[in-house]
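Comments concern the structure below.
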Amino acid sequence: MADRCWLMKTEPDVYGFADLMAAPDQTDIWDGIRNYQARNFIRDDMSPGDKVLFYHSRCDPPHVAGAAEVASSAQPDPTQFDPASRYYDPKSSPEAPRWFMVRVRGIRALERTVSLAELKANQRLDGMLVTRRGQRLSIQPVDHAHFDEVLRMASEPT
DNA sequence: GCCAACGTTGGC
DNA sequence: GCCAACGTTGGC
């Protein structure tokens with residue numbers, strides 16, 4: 001199966017690309033997803049080797065920071081069973097887990113970050129979900145062409 | 001920090 | 001099953 005491309009959002013104040021690169025084997029779990037659409041992407045569509053744009057939201061300016069890849073198949077997110085976790089979900093059970101996660105491996109920081117404003121200004125990226133107003137999905141499918149274009153932008157000076 | 005946009009919840 | 005109320009996301 002051909003590798004898919006994704007964009008995954010984080011708030012750099014909470015967990016940024018540098019944190020991923022500092023993790024053992026540059027790999028970490030992507031837990032805490034509590035949105036059904038994003039859950040379905042994780043559970044049904046993500047495979048090891050899929051490419052990932054690592055996006056920093058809630059910062060100024062929001063931007064794509066790095067390239068990563070999906071490093072595992074979907075597994076139940078253990079935080080849903082932990083009453084002490086902020087991601088605890090009393091309606092979930094190990095027999096019928098509601099939430100899933102994958103592991104993600106950082107590949108490299110981009111040569112330069114690419115801001116949301118730049119993404120919006122590039123007509124080649126028309127239709128890219130992250131450029132849409134009000135788009136809150138924390139995991140988004142990305143077209144191959146769009147993925148490559150973002151990397152190309154990062155390889156060129158502003 | 002504000003607030004528009006959105007997803008979820010729950011009363012009916 | 002509708003939809004108002006609520007909580008959250010995330011750009012600005």
Side-chain angles (χ1 to χ4, degrees), chain A residues 4-23 28-46 50-70 74-104 106-107 109-143 145-147 149-154 156-158:
Chain A
R4 297 178 197 242
C5 300
W6 306 96
L7 179 143
M8 299 171 84
K9 291 183 193 171
T10 67
E11 300 179 28
D13 292 348
V14 178
Y15 190 100
F17 190 67
D19 295 307
L20 179 62
M21 296 306 274
D28 214 340
I29 58 173
W30 202 274
D31 60 4
I33 297 297
R34 296 294 181 271
N35 166 282
Y36 287 103
Q37 212 177 337
R39 185 279 310 271
N40 292 347
F41 285 137
I42 291 175
R43 187 190 59 188
D44 305 333
D45 298 323
M46 280 191 166
D50 285 2
K51 301 171 180 176
V52 175
L53 293 175
F54 197 105
Y55 179 84
H56 285 166
S57 64
R58 260 180 180 276
C59 56
D60 189 22
H63 61 273
V64 179
E69 65 182 0
V70 176
Q75 303 160 326
D77 178 347
T79 61
Q80 69 196 301
F81 309 126
D82 177 5
S85 170
R86 63 172 289 214
Y87 299 119
Y88 178 59
D89 183 349
K91 293 179 181 171
S92 187
S93 70
E95 294 74 29
R98 179 178 291 191
W99 306 111
F100 290 79
M101 61 169 207
V102 289
R103 298 176 68 79
V104 174
I107 296 174
L110 300 188
E111 295 91 329
R112 66 175 184 86
T113 60
V114 179
S115 71
L116 178 60
E118 284 182 81
L119 300 179
K120 287 183 170 177
N122 186 340
Q123 290 189 348
R124 292 193 189 95
L125 300 180
D126 281 357
M128 193 175 180
L129 288 176
V130 74
T131 64
R132 282 196 200 158
R133 174 186 172 83
Q135 178 54 259
R136 302 178 1 175
L137 250 189
S138 59
I139 295 179
Q140 304 175 359
V142 174
D143 292 349
H146 290 170
F147 188 96
E149 175 64 11
V150 173
L151 294 189
R152 191 196 64 74
M153 293 167 79
E156 293 198 338
T158 36

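Predicted, not measured: the structure shown is a model, and the values here were computed from it.
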Margin query: Working to the nearest 0.5 angstrom, can you tell me the gap between A/Ile139 CD1 and A/Leu129 CG?
Written below: 12.5 Å

Next item on the list: Measure from the ring center of A/Trp6 to the ring center of A/Phe54 and say whether it is less than 6.0 Å.
Entry: no

Checklist line | Aromatic contact, A/Tyr36 with A/Trp99 (centres under 6.0 Å) | finding: yes

Next item on the list: Let me see the working for A/Ser57 and A/Glu11 under side-chain hydrogen bond (donor to acceptor under 3.5 Å, both in side chains), right down to the final yes or no.
Entry: CA-CA 5 Å; A/Ser57 64; A/Glu11 300 179 28; 5.1 Å; no

Notebook entry, point to check: With distance as the sole criterion, is a donor-acceptor pair present between the side chains of A/Asp28 and A/Tyr15 under 3.5 Å?
Noted result: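 Judged by distance alone, the side chains do pair up.
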
Margin query: Under 3.5 Å for both pairing distances: what stems, at least three Watson-Crick or G-U pairs long, include DNA chain C?
Written below: B:1-12 with C:1-12

Notebook entry, point to check: Hey, which of these two, A/Asn35 or A/Lys91, hits DNA chain B nearer its 5' end, going by closest nucleotide?
Noted result: A/Asn35

Next item on the list: For a side-chain contact (heavy atoms from CB on, under 4.5 Å) with A/Arg124, tell me which candidate from A/Met153, A/Arg152, A/His146 qualifies.
Entry: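 For A/Arg124, the side-chain contact (heavy atoms from CB on, under 4.5 Å) test succeeds with only one of A/Met153, A/Arg152, A/His146, which is A/Arg152.
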
Margin query: Strictly below 4.0 Å, N to O, side chains only: are A/Glu69 and A/Lys51 in salt-bridge contact?
Written below: no

Checklist line | Salt-bridge criterion met for A/Asp77 and A/Arg39 (N-O under 4.0 Å) | finding: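 So A/Asp77 does not pair with A/Arg39 through a salt bridge.
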
Checklist line | Positional range of nucleotides in DNA chain B within the contact set of chain A, heavy-atom, under 4.0 Å | finding: B/dA4 to B/dT8

